[in-house]
Amino acid sequence: MNDLDKKQVAKTPLEDWIDNYTVIHMLHISARTLQTLRTNNTLPYSRINNKIYYRRQDLQQVLADNYVPSAIDFTHENIIK
């Protein structure tokens, strides 16, 4: 992470940081799955002692990056090609 990225992260308001428990319940995933997302560098995090925090915007970015659109256009009931 370069200095610009660190400065941007440092400006993140405290209310935009969430803990493991919250992420697990928001995404309906297990603690082990969340650990895997950290381990394979899919989800950035910050650790203070043994407590881990995530930025809401990083969660949104991971979800957006892994978004797979449906093959069906439900508004017109046609298959998207």
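Everything numeric in this text was worked out from a predicted model, so none of it was measured.
- Grouping Ile, Leu, Val, Met, Phe, Trp and Tyr residues whose side-chain heavy atoms lie under 4.5 Å apart, directly or via other members, leaves Tyr21 alone, with no other cluster members.
- Linking Ile, Leu, Val, Met, Phe, Trp and Tyr residues whenever their side-chain heavy atoms come within less than 4.5 Å places Val62 and Leu27 in a single cluster.
- The side-chain hydrogen bond (donor to acceptor under 3.5 Å, both in side chains) analysis of residues 44-53, with sequence neighbours excluded, yields the pairs Asp19-Lys51.
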**Request:** Go through the steps to decide whether Ile18 and Leu59 satisfy the test side-chain contact (heavy atoms from CB on, under 4.5 Å), and finish with yes or no.
**Result:** CA-CA 10 Å; Ile18 53 180; Leu59 287 170; 3.3 Å; yes
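- Scanning for side-chain hydrogen bond (donor to acceptor under 3.5 Å, both in side chains) contacts around Gln61 gives Asp65, with sequence neighbours left out.
- Contact of the Tyr54 side chain with the Arg38 side chain is registered, since non-hydrogen atoms from C-beta on lie closer than 4.5 Å.
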Could you tabulate the donor-acceptor pairs under 3.5 Å formed by side-chain atoms of residues 28-35, not counting sequence neighbours?
| residue | atom | partner | partner atom | Å |
| --- | --- | --- | --- | --- |
| Ser30 | OG | Arg32 | N | 3.4 |
| Ser30 | OG | Thr33 | N | 3.0 |
| Ser30 | OG | Thr33 | OG1 | 3.0 |

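- By the side chain to side chain contact (heavy atoms under 4.5 Å, CB included) test, Pro13 is found to be paired with Glu15, Asp16, residues two or more places apart in sequence or in another chain being considered.
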